[in-house]
Amino acid sequence: MMQLERRSPLRVPVLLLLFLLLAGLLTGCWDNREPRRRAFVLGLGVDPDEEREGHLRVTAQLPVPFAMKGGGGEAKPAKEHFWVSGSGPTLTEALTRIQDRLSREMFLGQARSVVLSSRLQADQLQLVIDELRRNPNIEETMYLVMADGRAADLMETPTPQERLPALYFNTVFEAVKRLTVSAPVQLWEFWRVLKTPGWEPVLPVARAAGLNEISLTGTAVFRGPELQGFLNRQESQGLFWLLGRTVAGTLTAELPEGTFEVRSLRIGRTVSHRFEQGRPVFTIRLRVSGEVAAATAHPVDLARLRELEAAAAGDVLRQAEMAMRRMQQDFRSDILGLGRRLHYQEPAYFDAVRWEEVFPGVRVEVEVEMILTRKGVLH
Amino acid sequence: MIKRWPRKRKVAASQQQSQEEEEAAPLSPPGAGGGPDAPSGAQDPLNPESVPDAGRAVIFDGDLASARRYLKGGIGKSDDFRMREFRLGGPVGRRALLAYLAEIVAEDSVEEQVIAPLLARGEQAAGAGPQAAAVAEASLISGCNVSRTSTYRDVLRVILEGNVALFIDGAPEILLLGASRMPHRTIDKPETEHATRGSREGFTDMLGINIALVRRRIKHPKLRVRIIRLGYWSRTKVAVLHVEGLTNPAIVKAVMARLRRIRVDQFQESQPLEGHLKDNPYTPFPTLRATERPDEAARVLLAGKVLIMADNTPFVLSVPSTLGDFYQTMEDYGFNYWGASLVRVLRFIGWMLSLYLPALYIAMIAVNPEMVPNELALTIAGAREGLPFPPLVEVVIIEVAVELIREAALRLPSPLGTTIGVVGGVVVGQAIVAAGVISPLMLIVAGITLIASFTTPVLDMGFPWRILKWLLVLLANMFGLIGIIVGSALILSHLSSLTSFGVPYLSPFSPLQVQDLSDSLVRAPFISMRRRPVQNRSLQPVKGRPYRQPAEAPSLRAAEPDSREGEQT
C-alpha cells in the first residue's frame, strides 16, 4: 500500500501544496509588516547638533496615521503630521534614536526628500550621503535639498498647499517642468557627480521665507563634498543655459522700438574643446528657440527680427558669463563637468594636471544663437 | 426526430466483427446462466481484458422460439420491453416477431410502416423462405432506415437505441427498423456562450441533432463523422468529426486511439472524456476547448481541429486547444477587427486582474509599501488604522466570502440568485466595512477581481486561475513582489510544459508562430487572414486567395448626365 502511494503521480503536487499551506501559517515573513505597524517617514532633515560637537541632529517628519484616512466622514485630528528628532554621530545612529521615540517600526521607503543644512561640515555631508546610499530601504530617486540655515526650520515650515510639508519638494520638483531658480537633484545623481573626476555637484537651495512659506532661492555649489557658496537666481539661470536646459524666466531685449520679453522654448547645446598653447579652450554653443512673450512696441518689422534675436541672445550670454565667472573665480568648482569631458577624451592631459587648479584659468567661449519661432504671433 | 445507425451495417458478419472490435467496447453476450446484459462475477467491467464477449457475437439461427427465449431471458425481464408476434400476410402466414422498448419507440410509425404492409402483403416475403427478410426490406417495408443483421448484439444495440428488431421465422437475418423516439430537448440558445452578434443556436443534448447542426454549417462531402460507443454500462455514443484532406490525420488518429483505450463504466458529460484524453491528466488547465456553439464548432473544424461530441451533452470538445483558444469566442468574428481586438485585449486585462489583484494588494500593502505612490500609501495606511486583521487574513475572508456568494448564486434559481448577489454583495459588503472589520480598499479589490474573472469566456478556464490566485496570494504574503514574480514564473513554466495533442499550450507565443499572432491577442482583418493556424498542422494551410483592396466600386460618374438632364427638363 505504501509502495502504491509513493508512486502516486499526485505526490509532488500534494507535497507542494502542503508546503505552501504550512508556509502561509508562518508569521513575520521577512518584510511583511502591516501598515498599522509601520511609521512612514516622509522626509528627513539633517543638521549639525548644536549641543554636541560632531553629532548630527536628524529630524524626521511622520504623518499622524489616523488623519490620513481618505474620504470624508469622521472628524480628523487637527494636526496631520509631527516631527521626531534624534541626535547621533552618524545618520544611522540618529535614526535609531528616533526609533526609540516611536511606537511603530520606522519605514524609510516612502521618504521622498532629505533636507541638508548648509551648516553641515564637508565630512558630515559625505557621511550622510554615504549612509543614505547604503541604506537598502532608501529610494535612490529621493530628492536632496540644501537648507540655507537650519534644516529643521525648513522641515517645520507649514506649506498651505501641501497636506504634508515633507512632500513639498517632491511636488515642486515633479510638477514644475521648466527651471526657475534651481534644478532638482536626486540622491543617485548627487552621488554620481560627487564620484566623477572633473565634475562637481550642485544642490537646489531652499529657505524658510516668512511664517508659512518655503522658497527656492538658488543653487548650492560644491567642490567635492565641500560647500563653496550659492548661485543667486540670475546666476542659476546662467548655469542652466550652460547646461543646455530651458529656463522659465524671460529674456529682455532692448531695441530702439521698445522692450521685448522673450520666452525660451527649446535649447540645443554642443560642447567642444581645443588646445591653444597647451591649454584647453572650451566652446559651448547654445541654440535657443523662443517666442516673444511680451513687448512694449508692436508690430515688429520682420526684417528687424535678426536684431531682436541678437539682443535676446545677448541676454542669455550675459547670464551665462555671469555664472561662468562665479564658477571659475569665486567657487573654483567645475559644476559643468568640463573636466569630465577631458577625462574621457584627453586622459593623458587630464591625468597630468590637477583639474581643480587648472579649471579657474580655463577659457570657456560661449556662443549663443537665438531663433524666434511662431513669428505670426508677433502681429 | 433524428435516427442514427451505427456505420456500415450491411457487411458480412465476419468483417463486421472485426469492425466492431475496433470501434466499440462490446456488449454482453447472452450468458448461459445469467441474462445477456448482466456480467457474471468474473467479468470486471473496468478491466479491458475481462470485458465479456469482446468481438464474439451470438448468431440468430432463424428459429423464432429460440429468439423469443433469448430475449425473454435477458432484456425481456424489463417491463418496458415489448414483443409483438404476428403472421405475414394473414392467418396462415409465417410468424414474425417485433421486439422493442416501448417508451423510446414511435409505435405509430412502426404500425404504419412495418406491421400494416406486412399484414396486408406479407405472403410475398413468406414465400421467399430464408430470403424473407431481404424481400421484406426490398419491397414491403416503407420506412427508410432499414438494415439487416444476424447477431443478437446488433439487435440489442438497436433496441436500446429506440429502434425495432423484426425476426421472421425461418429467415436467419433479422431486420432492424429505425423508429426511435428518444425524448430530447429542442435547439435553444447557448447558455454559457452568449453572442450579441452570431448564430442563436446552441448544441442540444442529443448527438444526432448536434451532428446535424454541424452538417448544416459545413455542407461538404469530406466532413467525416466517426461514431464509437464508450462506457461499459452507459454505452454512450461519441462522434469524432474531422474534414478529410484538411485536418491533420495524425490528430484524428491520436484522438481515435485514445478514445478506444478508455475503459469506464459510464459518462454523462464530456468532462470525463476530457480527463481521459488530456496529454497531462493532472494539470488544472483544460487542454480541450469545450463549446456549446455549433458555429464555433464548425469554425474550429475548418481551422484544422478535430471535434469530439459525446451524446447527452451540449458541450463539444475540440482538439488541439491552446491557452489562446480559451480566450477566443465566436463573437470575435462577429465584430469587425477593431471591436474584436478591443474585446480580446479587455479579456487579457480581465485575466491579469483576476489573477494578480489580490496578490498585488498584499504585496504592495504589507511587504513592499515603498512601491506605492506616497499619497496612496498614506491613504491606505490611514484607512487601515484600527482594522483588526492583517491583509492576508482580510484577503482570505473576503475572497472566500466572494467564492461562496458566487457558488450560492450559481446553484439557486436565477431570481433567487439576484437576491443572493444583493444581500451577499451589497448588504454584507457595506456592513463589513462599516463595522470596521475589512478595509474598503479590500472590498474594491475583491469586487474587481470577481468581475474580471467573469471575462473568461470558457468556464473551465476560470477554475485554474481561481486556484492559482491563492498560490500567488500566499507567495505575495511571504515574499512580496518577488514572490509574485516567482509564482508567475512557476505558472508560466507549467503552462509551457503543457501540450494539447502535441501542440504546445502557449503557442503561438511560445514557441513563437508569427503568423498565428494575427489571431491571438488581437484579431487581424479577415482579408489578411489567408492561412489556417500553423499550430493545427492542417494539410491545407492556405484558406483563401489574396484579396485586393479597394474592391472595384461602381462608377457613379457614368450615371451623372442622366440625372442632370432629368433636373433640367
Side-chain angles (χ1 to χ4, degrees), chain A residues 8-14 16-17 19-40 42-43 62-71 73-74 76 80-81 104 107-113 136-139 141-142 162-164 166-167 170-171 174, chain B residues 280-284 359 361-396 433-434 436 439-442 444 467-468 470-483 486-487 490 494:
Chain A
S8 162
L10 279 174
R11 189 176 64 114
V12 172
V14 163
L16 206 69
L17 198 71
F19 170 73
L20 281 172
L21 285 175
L22 289 175
L25 298 177
L26 295 172
T27 53
C29 302
W30 282 269
D31 300 328
N32 191 336
R33 205 68 87 242
E34 261 196 84
R36 67 200 165 93
R37 305 208 192 288
R38 285 194 213 263
F40 290 93
L42 297 173
L62 297 106
V64 176
F66 192 67
M68 291 297 112
K69 208 167 200 164
E74 299 158 59
K76 291 177 180 173
E80 297 197 318
H81 52 85
R104 308 176 176 203
F107 180 67
L108 291 167
Q110 285 286 353
R112 294 300 298 142
S113 58
N137 286 327
I138 289 211
E139 296 270 328
T141 56
M142 79 190 323
E162 298 301 320
R163 207 149 60 122
L164 300 160
L167 299 182
N170 194 27
T171 318
E174 275 165 17
Chain B
N280 178 352
Y282 297 106
T283 176
Y361 173 78
I362 289 184
M364 295 281 207
I365 283 182
V367 190
N368 300 106
E370 69 272 12
M371 301 304 291
V372 186
N374 280 109
E375 293 290 337
L376 182 60
L378 295 177
T379 311
I380 292 170
R384 297 190 57 81
E385 274 310 303
L387 291 180
F389 299 118
L392 176 69
V393 177
E394 251 190 343
V395 168
V396 170
V433 169
S439 81
L441 192 66
M442 180 62 235
I444 297 172
I467 295 162
L468 290 171
W470 291 102
L471 172 85
L472 289 177
V473 161
L474 286 179
L475 285 171
N477 189 53
M478 284 187 279
F479 310 110
L481 291 175
I482 302 284
V486 170
L490 285 176
H494 174 66

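Chain letters run A, B, ... following the sequence lines, proteins first and then strands; every chain starts at 1. Hydrogens, waters and symmetry mates play no part in the numbers below; they use all other heavy atoms, side chains included.
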Can you tell me which portion of Val372(B) sits under 4.5 Å from chain A's heavy atoms? Options are side chain, backbone, both or neither. both
Under 4.0 Å between a Lys/Arg side-chain N and an Asp/Glu carboxylate O for Glu385(B) and Arg104(A)? yes
Please flag which part of Gln110(A) lies under 4.5 Å from any non-hydrogen atom of chain B: side chain, backbone, both or neither. both
Which of Met364(B), Met442(B), Arg384(B) passes side-chain contact (heavy atoms from CB on, under 4.5 Å) with Pro391(B)? It is Arg384(B)
Tell me, please, which residues at least two apart from Asn137(A) pass side chain to side chain contact (heavy atoms under 4.5 Å, CB included). Leu108(A), Asn135(A)
With sequence neighbours left out, the residues meeting side chain to side chain contact (heavy atoms under 4.5 Å, CB included) with Pro284(B) are Pro464(B), His494(B)
When the 4.5 angstrom heavy-atom criterion is applied to Pro440(B) and chain A, the contacting part is neither
Tell me if a side-chain donor or acceptor on Asn368(B) pairs with a main-chain N or O of Leu481(B) at a distance below 3.5 Å. yes
For Arg37(A), which atoms come within 4.5 Å of any heavy atom of chain B: side chain, backbone, both, or neither? neither
Which bit of Leu387(B) is near chain A, if near means a heavy-atom gap under 4.5 Å: side chain, backbone, both or neither? backbone
